[in-house]
Amino acid sequence: MSLNEDFLKPYDFKDNEDKIYQNWEKSGFFNPDNLPGIRHTDADSRPFCVVIPPPNVTGSLHMGHALNATIQDILIRYKRMKGFKTLWIPGTDHAGIATQNVVEKNLKKEGISRHDLGREKFLEKVWEWKEKYGDIILNQLKKIGASCDWSRTRFTMDEGYAKAVSEAFLHYYKKGWIYQGDRVVNWCTRDATSLSDLELEYKEEEGKLYYIKYPLKSVYGIRNTKPDFVIVATTRPETMLGDSAVAVNPEDEKYRDLIGKNVTLPILNREIPIVEDMAVEKEFGTGAVKVTPAHDFTDAEIGERHDLPKYQVIDEKGRMTDLAGEEFEGLKVLEAREKVVEKLKELGLLEKEENYIHSVAHCYRCDTVIEPLISKQWFLKMSDLGRMAYQAVENGDVKFHPERWSKVYLDWLSKVKDWCISRQIWWGHKIPIDGSTDVLDTWFSSALWPLVTLGWPDKTKDLEVFYPTSVLSTARDIINLWVARMVFSGLEFENKKPFSDVIIHATILAKDGRRMSKSLGTGVDPMGLIEKHGADATRFGIIWQAMGGQDIKWADEHVLAGQKFSNKLWNITRFILTKVGDDFDFSKPDNISDPTSKELIEKFEKLLEQSEKQIEIYEFGQALHDIYEFVWHEFADKYIEYSKNKEDKETKQVLCYVLIKSIKLLHPFMPFVTEAIYQRLPKKDKEFLMIEEW
RNA sequence: GGGCGUUUAGCUCAGCUGGUUAGAGCGUUGCAUUCACAUUGCAAAGGUCACUGGUUCGAAUCCAGUAACGCCCACCA
């Protein structure tokens with residue numbers, strides 16, 4: 001027979017990948033409604049459904065996305081070929097603060113701030129931006145071969161989503177689980193919004209520990225033999241202006257006699273009490289601590305226990321308030337710090353200062369130092385929800401892979417605090433109570449993702465058929481931020497866990513083990529790899545290195561190996577087509593008489609069985625290694641060489657069988673080249689390898 | 001302060017429940033090009049499996065401890 005002309009040169013991914021993807025999309029088979037019925041008797045009657053962790057609309061694909069997309073696509077393609085009704089829902093997240101920041105930054109180039117525009121106009125700009133750039137990342141997913149059902153694409157601020165979010169909020173509200181409270185929150189003075197604990201990034205910083213003398217009221221001017229001061233140590237002297245007590249540990253001998261007495265707060269000359277509290281560490285500093293209930297989390301709790309007044313001395317913009325006193329009002333925090341220290345020196349009340357390294361919270365988006373301050377926020381009670389989410393994993397309803405990540409999840413939930421769900425930004429879902437200008441934390445809407453993508457709160461067919469979904473694959477850093485919250489949302493609103501298995505995939509690091517990041521210049525761009533080596537090769541390179549969930553120190557050469565492997569498959573096919581000519585046989589050989597052939601088939605059968613097992617337990621890297629080893633070194637290097645001086649029908653049949661089965665086996669990993677090969681096989685009435693039986 | 005992970009060939013990593021000469025990819029060296037493929041084949045070099053001690057007939061693998069590196073959590077002001 002004559003070969004297609006393109007078979008006469010090496011495999012060219014550029015000639016094939018885009019074309020093939022378009023044909024897949026045109027076929028409609030990404031949509032389970034169009035998929036030919038369940039073809040397997042062993043297929044579970046349940047469909048197989050995955051929701052994509054929606055990437056931010058601001059983003060473009062990074063290596064983590066590429067890994068995660070490949071993992072999900074492997075599962076989806078494998079299950080589709082196994083005959084399951086298979087659905088992968090794509091979409092994007094509005095990513096409140098992140099997106100608002102990007103748009104603000106763009107406006108800044110034109111010299112405009114969001115306040116110049118006003119809320120409504122600014123939001124128009126954000127929507128414009130979203131329409132223009134929001135789909136980039138989805139198109140990049142197509143490039144990598146992701147077989148998502150694009151007709152079901154969702155956005156966390158689309159119409160249905162807004163309805164769902166408000167329904168969820170009101171549901172909690174009616175249950176009495178949502179309340180408003182004056183609380184110390186993590187405040188980003190740049191973004192002018194509160195942040196949750198999970199949105200912070202701690203960094204080790206060099207600071208100073210200041211030892212300040214607070215004059216003892218009761219002995220002031222009476223005796224000079226005993227120390228006249230209580231000395232407290234602090235890294236933030238400016239907050240002393242908001243002090244309402246000094247606290248000591250009740251078991252601390254040094255201060256036992258002083259409990260209940262008063263000291264005079266220097267500078268402001270306010271009289272404040274000395275209280276006892278277990279939260280105070282005897283060993284730290286002097287063992288006595290200043291208490292600033294409006295600007296510190298621990299202090300707020302101490303204040304609560306002792307009914308202390310709260311003096312807010314720092315405002316939402318990070319400037320000192322009138323309560324800080326005339327000479328400090330209006331100063332920035334750091335300016336105030338300097339001035340307070342100066343003043344204390346003047347008064348002779350600064351005992352000493354020490355260099356001190358401590359970790360300081362920063363905004364994870366804009367890197368500004370967090371200012372804990374008291375403000376009115378909305379909270380969601382976590383006691384019941386937290387327990388529900390905890391139990392789902394504890395009793396094995398939801399399983400983590402690798403299992404060890406369940407510990408991270410359980411540890412966090414076992415001491416979870418109420419969730420501050422309000423944010424003072426503009427881009428997001430408005431809190432559905434009249435008069436509130438706050439928006440909800442982005443994760444409030446993300447928590448509903450598996451529900452809303454299937455139609456909730458409406459009782460849709462999709463919800464009935466596909467909920468709960470099967471597997472969630474995601475990164476470790478959002479186990480608490482996102483996974484835990486989806487679990488309790490699912491249980492609360494549909495009475496069912498949102499998914500059974502959670503894959504926590506590897507983190508891809510730069511080759512030297514550092515984080516991949518744009519600013520460090522350590523990032524590798526997956527789109528660049530696809531451009532250079534093809535999507536199959538990129539997927540191969542990624543999965544080749546993804547062994548057992550271990551972190552990956554990225555090594556490019558495996559992508560090259562993947563590209564070579566594509567070409568190898570191509571040439572194996574070319575050889576077999578040339579050899580068997582019109583005798584191409586798609587049936588499985590039985591009663592093999594030739595011992596070499598028999599041995600090969602036995603090995604192959606074992607590989608098939610083993611690969612299936614490995615995919616089922618999410619050991620994709622190992623599966624790929626084994627398949628590669630067999631196809632290249634058993635089949636090509638040995639058997640094909642052996643077959644060269646054999647012309648019998650049996651040998652030819654074995655060649656055909658192993659080839660066709662191998663490209664099926666590899667299709668979930670390398671969908672393009674395998675499809676390209678399949679399309680060139682002499683088979684009547686064929687559609688796509690994508691929907692062939694595995 | 002807690003928790004977790006890693007340490008095997010020059011580099012990136014496999015090695016499951018302990019069992020013959022410890023494997024792969026890339027790299028290196030030698031040989032082979034009218035033979036499906038040079039994006040190739042054949043062959044070779046290269047490892048006291050972090051360290052110490054223990055269990056065992058037998059340990060890269062199990063146990064205890066040490067060290068180095070990395071990550072996460074926590075209210076040390």
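Position along RNA chain B of the nearest nucleotide to Arg476(A) versus Asp411(A) favours Asp411(A) as the more 5'-ward residue. Ranked by how close their nearest RNA chain B nucleotide is to the 5' end, Asn571(A) and Lys553(A) are led by Lys553(A).
rA50(B) and rA68(B) have their C1' atoms separated by 8 Å, with the value rounded to a whole Å. Taking atom P on both nucleotides, rU39(B) is separated from rU28(B) by 14 Å, rounded to a whole Å. Nucleotides rU52(B) and rA43(B) have their C1' atoms positioned 40 Å apart, rounded to a whole Å. Comparing the same atom, C1', in rA67(B) and in rC75(B) gives a spacing of 32 Å after rounding to whole Å. The gap from the C1' atom of rG41(B) to that of rA36(B) amounts to 12 Å, rounded to the nearest Å. A gap of 46 Å separates the P atoms of rA38(B) and rG18(B), to the nearest Å. Going from the C1' atom of rC76(B) to that of rC13(B) covers 41 Å, rounded to whole Å. Rounded to whole Å, the C1' atom of rG27(B) lies 35 Å from the corresponding atom of rC72(B).
Contact annotation for Ile640(A): base contact, defined as any heavy-atom pair under 4.0 Å involving a base atom. Residue contacts for Phe565(A): at a heavy-atom cut-off of 4.0 Å it reaches no nucleic acid atom on any strand shown. Residue-level contact check: Trp554(A) touches neither bases nor backbone, having no heavy atom under 4.0 Å from any strand. Nucleic acid contact for His295(A): none, since no nucleic acid atom lies under 4.0 Å from a heavy atom of the residue. Among the heavy atoms of the strands, none lies under 4.0 Å from Asp477(A). Residue-level contact check: Ala636(A) touches the bases, meaning some heavy atom is under 4.0 Å from a base atom. The residue Phe297(A) sits apart from the nucleic acid: no heavy atom pair falls under 4.0 Å. As judged by a 4.0 angstrom heavy-atom cut-off over every strand, Ala233(A) is placed among the base-contacting residues. If you check every strand for non-hydrogen atoms under 4.0 Å, Lys644(A) touches a base. At the heavy-atom level, His558(A) lies under 4.0 Å from base atoms of the strands shown. Nucleic acid contact for Val408(A): none, since no nucleic acid atom lies under 4.0 Å from a heavy atom of the residue. Within 4.0 Å of Glu301(A), counting heavy atoms only, lies no atom of the nucleic acid at all. Tyr356(A) comes within contact range of the sugar-phosphate backbone alone, with a heavy-atom separation under 4.0 Å but no base atom that close. When heavy atoms are screened at a 4.0 angstrom cut-off, Val280(A) is found touching base atoms of the nucleic acid.
Judged by the 6.0 Å distance and 45° axis criteria, Arg270(A) is positioned over the aromatic ring of Tyr311(A).
Ring pair Phe620(A)/Tyr618(A) is tilted by interplanar angle, where 30° to 60° counts as tilted. Between His62(A) and His65(A), the ring-plane angle classifies as parallel under the 30° and 60° cut-offs.
Here the rule is side chain to side chain contact (heavy atoms under 4.5 Å, CB included) with Pro671(A), and of Asp536(A), Leu666(A), Ile74(A) only Asp536(A) fits it. With Phe540(A) as reference, Tyr628(A) is the one residue of Phe669(A), Tyr628(A), Phe672(A), Phe13(A) to meet the ring-ring contact (aromatic ring centres under 6.0 Å, His included) rule.
Lys644(A) has a carboxylate O that lies under 4.0 Å from a charged side-chain N of Glu641(A), or vice versa, which qualifies the two as a salt bridge.
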Output field dot_bracket for RNA chain B (Watson-Crick or G-U, both distances under 3.5 Å, | for other-strand pairs) contains (((((((..((((.....[...)))).(((((.......))))).....(((((..]....))))))))))))....
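Proximity of the aromatic rings of Phe630(A) and Phe604(A) is defined here by a centroid distance below 6.0 angstrom, and this criterion is met. The aromatic ring centres of Phe400(A) and Trp405(A) sit 6.0 Å or more apart.
Partners of His533(A) by ring-ring contact (aromatic ring centres under 6.0 Å, His included), not counting sequence neighbours: none found.
For Asn567(A) (side chain) and Gln563(A) (main-chain N/O), no donor-acceptor pair under 3.5 Å exists by modelled atom type. Proximity of a side-chain donor or acceptor of His625(A) to a complementary backbone N or O of Trp544(A) within less than 3.5 Å is detected.
Close approach of RNA chain B to chain A, defined as any atom under 4.0 Å from a non-hydrogen atom of the protein, starts and stops at rG3(B) to rA77(B).
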